[in-house]
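Note that ligands are numbered from 1 as they come in the structure, with each ligand's atoms numbered from 1 the same way. Everything numeric in this text was worked out from a predicted model, so none of it was measured.
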Amino acid sequence: MRSEVILETIGLWSGYGGKPVLQGVDLTIREGEIVAIIGRNGVGKSTLIKSLIGLLPSDKGSVLFRTKPIDALAAYLRARLGIGYVPQGRDVFPRMSVLENIAVGESIGGSVSNDMLSTIFRFFPILLERKNQLAGTLSGGQQQQLAIGRVLMGAPSLVLLDEPSEGIQPSIVQDIARIMVELNRRTGVTIVFVEQNIDMIRAMAQRCYVMDKGRVVAELTKDMLQDRETVRRYLSV
Ligand SMILES: Nc1ncnc2c1ncn2[C@@H]1O[C@H](COP(=O)(O)OP(=O)(O)OP(=O)(O)O)[C@@H](O)[C@H]1O
Ligand SMILES: [Mg+2]
């Protein structure tokens, strides 16, 4: 049996200052899936993620969360519905400790949850180890884990990640991919991630949308993802 659709875009257009970037994006994400959005630099991947979380308005078409249009909702309201967002470049607060950074995420969910905190530390033990360290002194990979941990404090049912591998060394990329797959398996959280790193795509994604010039131009199935050359070819579409 196929699970319910959690997120859908229908003919979505958006852009900056009247200049369109997304030009009719259609995608469908089901509950519990891990789906990658891939494509070259500048094709509109981050623009798509920003439109999903509500940092950019939909100019035409629609974003639906659990079958209801959310185009009119500001980003913080979408976060409250259960959509978590980790931006490209991570944006942790460098002069705050790891624990303080995580506490910022807590305010989005509205409830204090020690359970959630222990869950985060179980998946990301490095955050427990470094909990009193200033976030700005962490490595790129540790900051990425912190940014993900912070978002999990809001108990999202859907997490959007924008290029989680960016600036992270290969061995850590594999670690983060493994943790995210485990998190998905154990908690059922749906994950949509933008990525250009072929190893991270193949380690995490169950399926893949390929973007070019503001549109989805192809979809890669699980079988197609098995073949490294196929993925490489689509990354350079
Ligand atoms: N704030 C902005 N104002 C105006 N144009 C923008 C802005 N952000 C992005 N763009 C433009 O929109 C287009 C798509 O950018 P976007 O950041 O979505 O690409 P991307 O696929 O995420 O690329 P990358 O892989 O480099 O992160 C590009 O032409 C870019 O120059
Ligand atoms: Mg981007």
Side-chain angles (χ1 to χ4, degrees), residues 7-29 34-63 65 70-71 74-76 78-79 83-92 140-141 143-148 150-151 156 158-170 172-173 176-177 180 190-205 207-220 225 228 230-237:
L7 183 79
E8 190 174 9
T9 67
I10 302 172
L12 183 65
W13 286 66
S14 79
Y16 307 91
K19 187 172 159 280
V21 174
L22 301 187
Q23 302 179 41
V25 171
D26 295 301
L27 49 81
T28 304
I29 312 287
I34 308 182
V35 179
I37 315 275
I38 72 173
R40 285 173 301 112
N41 293 110
V43 296
K45 304 180 301 295
S46 293
T47 303
L48 171 60
I49 296 285
K50 286 185 220 160
S51 305
L52 298 177
I53 189 61
L55 293 173
L56 276 177
S58 316
D59 291 336
K60 263 192 270 179
S62 197
V63 180
F65 184 68
I70 55 169
D71 306 279
Y76 77 96
R78 298 190 200 191
I83 309 178
Y85 165 59
V86 180
Q88 187 165 11
R90 309 182 261 283
D91 284 358
V92 298
Q143 288 189 14
Q144 184 64 52
Q145 295 179 63
L146 174 55
I148 296 168
R150 183 174 62 183
V151 144
L158 167 67
V159 174
L160 308 172
L161 304 169
D162 196 347
E163 299 219 26
S165 81
E166 202 175 54
I168 297 176
Q169 64 186 81
I172 309 295
V173 166
I176 295 178
M180 295 312 288
T190 308
I191 300 171
V192 173
F193 70 111
V194 163
E195 196 46 82
Q196 298 195 74
N197 179 304
I198 192 162
D199 295 318
M200 189 141 204
I201 293 163
R202 295 183 66 237
M204 258 176 79
R207 182 161 86 72
C208 207
Y209 286 109
V210 184
M211 283 187 73
D212 191 29
K213 299 189 185 115
R215 292 193 177 88
V216 170
V217 294
E219 189 185 333
L220 307 188
L225 283 167
R228 202 181 164 84
T230 301
V231 182
R232 195 192 298 286
R233 201 165 59 244
Y234 278 101
L235 272 172
S236 56
V237 158

Handout entry: Backbone of Ser165 reached by a side-chain donor or acceptor of Glu195 within 3.5 Å
Key =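 Checked: pair present.
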Out of curiosity, [X] [atom1] to [Y] [atom2], how far, rounded to the nearest 0.5 Å?
X: Thr28; Y: Arg207; atom1: OG1; atom2: CZ; answer: 7.5 Å
X: Leu27; Y: Leu12; atom1: CG; atom2: CG; answer: 8.0 Å
X: Leu52; Y: Thr47; atom1: CG; atom2: OG1; answer: 10.5 Å
X: Tyr234; Y: Ile38; atom1: OH; atom2: CD1; answer: 9.0 Å
X: Leu220; Y: Tyr209; atom1: CG; atom2: OH; answer: 11.0 Å

Closer than 4.0 Å to some heavy atom of [X] - which atoms of ligand 1 meet that?
X: Thr47; answer: 14 (C), 15 (O), 16 (P), 18 (O)
X: Gln88; answer: 27 (O)
X: Ser46; answer: 17 (O), 18 (O), 20 (P), 22 (O), 27 (O)

Practice task
Using a 4.0 Å heavy-atom cut-off, say whether Val21 meets ligand 1 through its side chain, its backbone, both or neither.
Solution key: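 The answer is the side chain of Val21.
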Practice task
Determine whether the side chain, the backbone, both or neither of Met211 has a heavy atom under 4.0 Å from any heavy atom of ligand 1.
Solution key: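 Neither part.
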Exercise for the section: Give a yes or no on whether a salt bridge exists between Asp71 and Arg78, defined as a side-chain N under 4.0 angstrom from a carboxylate O. Expected result: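 No, this pair does not count.
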Of all the non-hydrogen atoms in the protein, which one sits nearest to [atom], and at what distance?
atom: atom 5 (N) of ligand 1; result: Tyr16 CD1, 3.4 Å
atom: atom 25 (O) of ligand 1; result: Lys45 NZ, 2.7 Å
atom: atom 24 (P) of ligand 1; result: Asn41 ND2, 3.6 Å

Problem - OG (Ser46) to the Mg ion (ligand 2) to OE1 (Gln88) angle, given to the nearest 10 degrees - result: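 For OG of Ser46 and OE1 of Gln88, the angle centred on the Mg ion (ligand 2) reads 80°.
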Exercise for the section: Please say which of Leu56, Thr9, Asp59 ends up in a side chain to side chain contact (heavy atoms under 4.5 Å, CB included) with Ser51. Expected result: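 Testing Ser51 for a side chain to side chain contact (heavy atoms under 4.5 Å, CB included) against Leu56, Thr9, Asp59 leaves exactly one candidate, Leu56.
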Exercise for the section: Apply the side chain to side chain contact (heavy atoms under 4.5 Å, CB included) test between Thr190 and each candidate in Ile29, Leu7, Ile34; give the one that qualifies. Expected result: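 Considering Ile29, Leu7, Ile34, a side chain to side chain contact (heavy atoms under 4.5 Å, CB included) with Thr190 is found only for Ile29.
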Practice task
Look up atom 17 (O) of ligand 1 and tell me if a protein heavy atom lies less than 4.0 Å from it?
Solution key: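 Answer yes: something from the protein, a heavy atom, is under 4.0 Å.
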Practice task
Output yes when a protein non-hydrogen atom is found under 4.0 Å of atom 30 (C) of ligand 1, and no otherwise.
Solution key: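 So atom 30 (C) of ligand 1 lacks protein heavy-atom neighbours under 4.0 Å.
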Exercise for the section: Take every heavy atom of Gly39, measure it against each atom of ligand 1, and state whether any distance is under 4.0 Å. Expected result: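 Contact check Gly39 vs ligand 1: negative.
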Problem - Sub-3.5 Å N/O-N/O distance, Lys19 and ligand 1 - result: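 For ligand 1, there is no N or O atom that lies under 3.5 Å from one belonging to Lys19.
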Practice task
Report yes if some N/O of Lys50 lies less than 3.5 Å from some N/O of ligand 1; otherwise report no.
Solution key: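 Between Lys50 and ligand 1 (N or O atoms, distance only) the closest approach is not under 3.5 Å.
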Handout entry: Heavy-atom nearest option to atom 19 (O) of ligand 1, drawn from Ser51, Gly89, Gly42, Gly15
Key =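 Comparing heavy atoms across Ser51, Gly89, Gly42, Gly15, the nearest one to atom 19 (O) of ligand 1 lies in Gly42.
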Problem - Residue that, paired with Gln88, satisfies side-chain hydrogen bond (donor to acceptor under 3.5 Å, both in side chains) out of Glu166, Lys45, Lys50 - result: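 It is Glu166; the other options fail the test.
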